[in-house]
Amino acid sequence: MGLLEKQLCLVSLVLFVTLFSSTINVTSTSVKEANALITWKATLQSTNHSLLTSWVLPPHDNISTSAGPCSWFGVSCNFDGSVNRLNLTNSSLNGTLDNFTFSSFPNLAYIDLSMNNLFGVIPPLIGSLSKLIYLDLSINQFSGNIPPEIGLLTNLDTLHLVENQLNGSIPQEIGQLKSLTELALYTNSLSGPIPASLGNLRNLVHLYLYDNDLSGPIPPAMGNLVNLVELYMDSNNFTGLIPSTLGNLTKLTALHLFNNYLSGSIPQEIGKLKSLQDLSFETNNLNGSIPTSFGDLSSVTLLHLWNNQLSGSIPKELGNLKFLNDLELSENQLNGPIPASLGKLSMLETLFLRSNQLSGPIPHELGNLKNLLILEMDNNQFSGNLPELCQGGKLTNFTVNHNHLIGTIPQSLKNCSSLARARFDENQFIGNISEDLGAYPNLVYMDLS
Ligand SMILES: *[C@@H]1O[C@H](CO)[C@@H](O)[C@H](O)[C@H]1NC(C)=O
Ligand SMILES: *[C@@H]1O[C@H](CO)[C@@H](O)[C@H](O)[C@H]1NC(C)=O
Ligand SMILES: *[C@@H]1O[C@H](CO)[C@@H](O)[C@H](O)[C@H]1NC(C)=O
Ligand SMILES: *[C@@H]1O[C@H](CO)[C@@H](O)[C@H](O)[C@H]1NC(C)=O
Ligand SMILES: *[C@@H]1O[C@H](CO)[C@@H](O)[C@H](O)[C@H]1NC(C)=O
Ligand SMILES: *[C@@H]1O[C@H](CO)[C@@H](O)[C@H](O)[C@H]1NC(C)=O
Ligand SMILES: *[C@@H]1O[C@H](CO)[C@@H](O)[C@H](O)[C@H]1NC(C)=O
Ligand SMILES: *[C@@H]1O[C@H](CO)[C@@H](O)[C@H](O)[C@H]1NC(C)=O
Ligand SMILES: *[C@@H]1O[C@H](CO)[C@@H](O)[C@H](O)[C@H]1NC(C)=O
Ligand SMILES: *[C@@H]1O[C@H](CO)[C@@H](O)[C@H](O)[C@H]1NC(C)=O
Ligand SMILES: *[C@@H]1O[C@H](CO)[C@@H](O)[C@H](O)[C@H]1NC(C)=O
Ligand SMILES: *[C@@H]1O[C@H](CO)[C@@H](O)[C@H](O)[C@H]1NC(C)=O
């Protein structure tokens, strides 16, 4: 044999050995994976058998020639035949993960077991799935704690555990998941404080913690999550101040803090959120005045501050919010007049100002709100005549009861042909509009007492 032939021979030998050993490797991996899936399937208390019929082991000798688990329902493999995706969403699975041997799946990167009847705990061994990118266990009956071992899944991009019965606190180890872009834990029974380590998750785009029993303050470190687009923390038991650092989250389009026990005044830095479309702070204990900087929320369409203890006057700067569609300030202690600038809010459909201490005449500029559908101004101290408010003709609900209004109800009200519900009672109106009632074909309720 010449040198060249010797070298070629060696090369092919190396190649052969490499291919052979990788085949052996693949085979033993997929046998292990197939066995692990079969073992788990056997523990499920009920399954939709028409879905998992494909989950059967071929005769042992034959697994290398069969597609193995790679052809099974809901199972996908990577190029060398190892399971990398398990998607059994909405598959009528009833059972636990107790006997799912996570360690048998070295390449598993995507798990979607959402919308089943899985119960029991999330096993701490789930932390052995070092390649895991996507984990969705939502809409099941998992209970107990989120295991701290979840912090080992450092490749996770998406973690969805919503609509289960998880309790205990959010483990601080979650702050190790540096790749997370989406963290959804809503509608569980999670309690305790938000770990400050959450502020390490700088890649987070969507953070949904709403509808739990979380308490304590909102950590100022959350202002580090500068890529956040949606932050939903509503319907928990959060207390303390709204951190001014939230004003650094300039990509936010939605900020939901409603239904908590937040107190103190609203930081003026919130006005820096130029992308914000939806600001919902209602039903807290917020006091002080509405920051004038809110006039800089140039993208806002929905502004809900109702049911707090806000005082002072409505800033005239709110008239700059040209996309505002829904402004709800009811049930506070706001005083002073309605700024005429609100008449510039040409997209406004809903204006709720009821149950405050607002006073002075109702500005006739509100008549410019041609898209207004609902206007509630009852239970204030408005005085003077009622201006013509129905020039757009779209108003369906209109309440000004319990004020100090005088004079006649203007003729233009006849223009409110869509009016369904109106309350004028508890004022000092004079005259009789009952002969005009024919103008309101949709009227369901009108109180003129
Ligand atoms: C899971 O395996 C354990 C033994 O490791 C066994 O005791 C238990 O009954 C199994 N669970 C189910 C649901 O089969
Ligand atoms: C079982 O799965 C099949 C196929 O998806 C579906 O048509 C059937 O409705 C399911 N049955 C139950 C009880 O969920
Ligand atoms: C292996 O598979 C082939 C074709 O699928 C089948 O004919 C054969 O009986 C199998 N061998 C064993 C030992 O089951
Ligand atoms: C799982 O399958 C469903 C429906 O086929 C699909 O909508 C979902 O995106 C899949 N999830 C993953 C992680 O592949
Ligand atoms: C879940 O599966 C059932 C039956 O197969 C089907 O009717 C239903 O639309 C599915 N739900 C979702 C959200 O995919
Ligand atoms: C799940 O299985 C348990 C035990 O067999 C049974 O009690 C329960 O009703 C099942 N749940 C559903 C939703 O099928
Ligand atoms: C969580 O729920 C389990 C029952 O599922 C209970 O045993 C445990 O005490 C609860 N833990 C907390 C912190 O509420
Ligand atoms: C949260 O607040 C509600 C209502 O005040 C209360 O019933 C509940 O016990 C509180 N939960 C925690 C964990 O503090
Ligand atoms: C974040 O906000 C705080 C308070 O508003 C401010 O002092 C700080 O400089 C901001 N940090 C960054 C990085 O913008
Ligand atoms: C707001 O409430 C806090 C107590 O939560 C109080 O110390 C502060 O004086 C109040 N501020 C205003 C303007 O009412
Ligand atoms: C009545 O509404 C129409 C548009 O529907 C408007 O052109 C007109 O000016 C209104 N009249 C009064 C008195 O508001
Ligand atoms: C508007 O009035 C109708 C008719 O009375 C009523 O059913 C509806 O709940 C009202 N909407 C609001 C937002 O008050």
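Nothing fancy with the numbering, it's 1 onward along the sequence. Counting convention: from 1, in listed order, for ligands and their atoms alike. This structure is a prediction, so every number in the text was calculated from the model and none was measured. These values consider heavy atoms only, across backbone and side chains, with no hydrogens, waters or symmetry-generated copies.
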- Query: Hey, is atom 5 (O) of ligand 9 under 4.0 Å from any protein heavy atom?
  - Reply: yes
- Message: For Asn200 and Lys178, which I'm curious about, is there any donor-acceptor pair between the side chains at under 3.5 Å?
- Response: no
- Would you kindly say whether Asn371 and Lys394 are connected by a side-chain donor-acceptor distance under 3.5 Å? yes
- Query: Can you find a pair of side-chain heavy atoms, one from Phe119 and one from Thr96, that are under 4.5 Å apart?
  - Reply: yes
- With side-chain hydrogen bond (donor to acceptor under 3.5 Å, both in side chains) as the test, would you mind laying out the steps for Lys251 and Asn227 before giving the verdict? CA-CA 6 Å; Lys251 293 183 184 170; Asn227 289 305; 2.6 Å; yes
- Ring-ring centroid check Phe424 Phe398, cutoff 6.0 Å: yes
- Would you mind telling me if ligand 8 is within reach of the side chain of Phe238, the backbone, both or neither, using heavy atoms under 4.0 Å? neither
- Which residue supplies the protein heavy atom nearest to atom 14 (O) of ligand 8, what is that atom called, and how far is it? Asn237 ND2, 3.2 Å
- Any atoms of ligand 5 less than 4.0 Å from a non-hydrogen atom of Met115? List them with their elements. 13 (C)
- Message: Suppose we measure from atom 12 (C) of ligand 9 to each protein heavy atom; which comes out shortest, and what is that distance?
- Response: Asn248 ND2, 3.5 Å
- Which ligand 9 atoms, with their elements, are less than 4.0 angstrom from a heavy-atom of Thr245? 2 (O)
- Message: Let's go through Ser280 and Asp278 carefully: what are the C-alpha distance in whole Å and the side-chain angles of both, what is the deciding distance for side-chain hydrogen bond (donor to acceptor under 3.5 Å, both in side chains) to 0.1 Å, and is it a yes or a no?
- Response: CA-CA 6 Å; Ser280 299; Asp278 176 349; 3.0 Å; yes
- Test of proximity, Ser191 against ligand 8: N or O pairs below 3.5 Å: no
- Query: If you measure from each heavy atom of Gly247 to ligand 9, is any distance below 4.0 Å?
  - Reply: no
